[in-house]
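For the single chain, residues carry numbers from 1 onward in sequence order. Hydrogens, waters and symmetry mates are skipped; everything else that's a heavy atom, side chains included, is used. Since this is a predicted model, take the numbers as computed values, not measurements.
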Amino acid sequence: MGPYTAEGISAQEDRDNFQSKLSPGLNLNTSLKDVTNNYDLVGVTVHSGQANAGHYYSFIKDRRGNSVTNANKNKWFKFNDTTVEGFEMTDENLEAECFGGKFKVKKKEGSSLPEERQRYWNGYILVYEARNDHKTPRTPKKSFSGTSHRRSVGPGMVRRLTMPPRISEPGGANQARESLSQLSDLLEKGEKRGIFTSRMPAPIERSIREDNLRFMQNRDVFSEDYYKFMYELTTANTYKHRSSDYKELCRESVNLAIQFLFNTYFHVRRRQRCVMADWVDAIEAVITVCPTASEWLVNYLSSDGLRYLKPYLLESSSRDVRQNFSQLLEKTLSSHIKHSGSSEINAVNGIVTHLVEMLVRDVPDNVKFSSQYFWSLLMFAQMGPPQCKQLFKLGTFEACFQFLTGVPLLEAAEEGDKNKQKQWTASQTREFGDLHALLAYLILSCDTKPFMSHNTVDERVPSTSTFPSTDLEKMPTQVSTLLYGPLASLYISETISACREMNSSLSLIIEMLAQVSFCCKSFSILVLEELMKQYNSVSSSELKNLSTLLVELLCISDPLQNDRLKFVIEGTKDLGVDGLLDLVQNNQNSDSCRAYQAVKCLVTASSKCSAVKDHLILEPTKWQWAVNWLKSKMSESSYWSPSTDSVLSNEDSSTRTFQRTTSAQVTLDEANAILAEFESDKDTAMDTNNDTDESQMKVDEKDWDLDSIDP
């Protein structure tokens, strides 16, 4: 370390200066005495990770005091964030913790990990400290005294006192440098370079001041007291209706609330859901009663506020932020439409247009956070038929379909376009519930009567109530192209698949499928074919919503109802799709949950619609077999208690094994009641408590022997 110390560098500079003064061709024969200083390692900073990311921690040697006053003197400690622990600094530990490189581990049997592995941690900064024998300055020897000597002090004597001896001076190479001279040398050079100043350098002082101000600002701004103060300040003017400045106060209150919410609270790391909801409610309370504040907020969001749509509606990783922002957007639009009576004004149209443009530009890169975005569009559509019409004009319907499937919605769409269909992951499709609901709602706003294949008195399904017949709009070309063109099967497949994992928007999609199927044979066939294919093939844990859809379709009262009942209950051999009664027989052993849900679906439909019950009378043998199978499952010897229903379910369970629950018992009772009605209506009805011989149980060349039921 000697050549790199201030002493070594100074000695080397003196030699170089003297060498430069010699005549050309002459070399300095005398050599400098090697400057040797001993240093001890007292600290190591370790970096763990990679070049672009990682973590720092340190090993530090305790050098405070002495062994009497400090029991930890010369001991090593590991400082890792808030954790401090002792560390034994041996050669082996030092190599393992600070040298990086590769190391070997004992490979476990069956492990696929390599035996030789790479250390991703190594020493980054080493801290050395000079030993005491070179740190303590010694008192210089006096070489002169008295006034006569002071008058005779020349430059050479001054240099001997303050500077290291030159090599050219007699005996200079052999003279030891005094410690005081070394310090004087360092001080002289430091002053020349401006290192030692009376005050801190301006850039460093400015940086420290900025950090302190930033810390105090964050301390004061991001505090509960500040949040409470801002909320009280914003809501203080809400009730001053008689004030002459009421409108201006409301506008300023909304402005203050928006700036605080967008620029402060949405950035808080420990934000609270209830606090954000309170702020949104406070803003809603003002814009609901004050048209001036509502108009200002719409104009702001359509101009400067557009920059907040993408980060807070799509990019934010916090679901609470996205949800509260979307709710604020919906309340802003709905309140302004309420005050103005129209959404065709420039400000509202600008916001909605920007939202639709984001579907192509920004949503594909933020699919996993897109749920609130589609919810915002759905809420705008549900504000009324004029808003649905406005979305159609902006191309929202075709943009949503192309985003969902990857296939452009054109009038001359070819069958080959299906090969371009997008494949979404399960986590991504969970975000599309409101997207499917938006498409369904826009379809429900259209009049389907011109496309019905059968005439009927009713124009709509009697059970639907979303849109009265008087509010229906003429079906746009893009909608008719999708529902009655070559892409209909693709859309139906996507929609029914989405139903399996949907909860909140399920009723809206079921209503749409039922309405378009009403008196329309082509669409009904496509829906039932896809629905029964999935009912036969998907996991039994995903059949619950499909059963709900089946019940609604079977209960549609129109000229096509008997055809639907026959297709669903009996199945079709042409497509290789089993009906619900055949599903019970074919899955009694391999997938008893599927068999049970088929029985429950028929029981539920029969209780809602007498036509379903009447059709089951045509298949008394199969129905009796299905009921007896369920009865045998419920009478098995293993223990069952209704209290276990909280953890057992035949509709949500990932297993295929039937579980006896209260719901299953209720289903069995209702199924027996249906059989009892058969017995009273027809003399040929069978007794559910007695077995029949094999010759009577053959239907359509299948063996429906009750003895074949696996107990």
Side-chain angles (χ1 to χ4, degrees), residues 41-61 76-108 111-128 203-204 206-219 221-222 262-273 307-323 325 361-373 424-428 430-431:
L41 180 67
V42 295
V44 181
T45 298
V46 178
H47 176 262
S48 174
Q50 301 174 348
N52 58 346
H55 175 64
Y56 293 94
Y57 55 92
S58 299
F59 297 99
I60 301 176
K61 183 179 180 180
W76 285 81
F77 294 88
K78 180 179 180 180
F79 293 78
N80 190 353
D81 289 342
T82 59
T83 303
V84 179
E85 55 186 354
F87 179 76
E88 185 178 357
M89 183 60 74
T90 62
D91 293 342
E92 294 78 8
N93 292 341
L94 183 64
E95 179 180 359
E97 292 288 344
C98 305
F99 281 18
K102 297 182 179 180
F103 67 102
K104 292 185 177 181
V105 297
K106 185 177 181 181
K107 191 173 182 180
K108 296 182 179 180
S111 174
S112 60
L113 296 176
E115 182 178 0
E116 186 178 60
R117 303 179 188 177
Q118 181 73 34
R119 291 191 181 97
Y120 56 86
W121 60 92
N122 55 353
Y124 185 68
I125 298 176
L126 305 181
V127 181
Y128 286 90
I204 298 178
R206 183 168 55 254
S207 176
I208 294 175
R209 185 185 301 109
E210 291 175 355
D211 289 342
N212 291 337
L213 290 175
R214 190 179 302 110
F215 166 77
M216 289 187 291
Q217 181 183 10
N218 292 339
R219 182 197 61 188
V221 171
F222 299 107
F262 290 178
N263 299 318
T264 299
Y265 201 76
F266 279 168
H267 297 277
V268 177
R269 180 174 300 178
R270 296 182 180 180
R271 64 184 77 85
Q272 297 181 16
R273 183 181 306 172
R307 69 178 187 270
Y308 295 113
L309 294 182
K310 180 181 177 181
Y312 292 149
L313 198 59
L314 280 176
E315 293 181 334
S316 176
S317 59
S318 171
R319 186 179 183 88
D320 292 336
V321 171
R322 302 195 308 272
Q323 188 171 3
F325 184 84
R361 184 180 63 246
D362 302 318
V363 177
D365 296 331
N366 300 277
V367 173
K368 63 179 181 178
F369 298 146
S370 62
S371 176
Q372 287 70 35
Y373 166 83
W424 301 105
T425 63
S427 60
Q428 290 173 330
R430 294 190 189 99
E431 298 290 314

Under the side chain to side chain donor-acceptor pair (under 3.5 Å) rule, collect the residues that match up with [X], sequence neighbours excluded.
| X | answer |
| --- | --- |
| Tyr308 | Asn263 |
| Asp211 | Arg214 |
| Arg271 | Ser318 |
| Arg269 | none |

Nearest atoms (heavy-atom pairs only) where Val127 meets Leu41:
O-CD1, 3.5 Å

Examine Lys61 relative to Phe77 and say whether NZ or CZ is less than 6.0 Å from the centre of the six-membered ring and inside a 45° cone about the ring axis.
no

Given side chains that start at C-beta, do those of [X] and [Y] come closer than 4.5 Å, heavy atoms only?
| X | Y | answer |
| --- | --- | --- |
| Cys98 | Phe59 | yes |
| Leu314 | Phe369 | no |
| Lys78 | Ser58 | no |
| Tyr120 | Gln50 | no |

Ignoring hydrogens and angles, tell me if any N or O in the side chain of [X] forms a donor-acceptor pair with the backbone of [Y] under 3.5 Å.
| X | Y | value |
| --- | --- | --- |
| Thr90 | Asn93 | yes |
| Gln372 | Leu313 | no |
| Arg322 | Ser316 | yes |

OG of Ser317 to CG of Asn366: how many Å apart, nearest 0.5 Å?
11.0 Å

So CG of Leu309 and OH of Tyr373: to nearest 0.5 Å the spacing works out to 10.0 Å

Applying side-chain contact (heavy atoms from CB on, under 4.5 Å) to Gln323 and Ser371, what does each step give before you reach the verdict?
CA-CA 9 Å; Gln323 188 171 3; Ser371 176; over 6 Å; no

Please list, one pair per line, the donor and acceptor atoms closer than 3.5 Å that link side chains of residues 42-49 to other protein atoms, with sequence neighbours excluded.
none

Checking Phe325 now: which residues fulfil ring-ring contact (aromatic ring centres under 6.0 Å, His included) with it, not counting sequence neighbours?
Phe262, Tyr312

N/O donor to acceptor pairs below 3.5 angstrom from side-chain atoms of residues 79-88, sequence neighbours left out:
{"residue": "Asn80", "atom": "OD1", "partner": "His55", "partner atom": "NE2", "Å": "2.7"}

Looking at Phe99, I'd like to know if its CZ atom is crowded, meaning that more than 12 non-hydrogen atoms belonging to other residues, nucleotides or ligands lie closer than 6.0 Å.
yes

State which residues pass salt bridge (charged side-chain N to carboxylate O under 4.0 Å, His left out) with Arg119; sequence neighbours excluded, sorted by chain then number.
none

Restricting to salt bridge (charged side-chain N to carboxylate O under 4.0 Å, His left out), what partner residues turn up for Lys310, sequence neighbours left out?
Glu315, Asp362

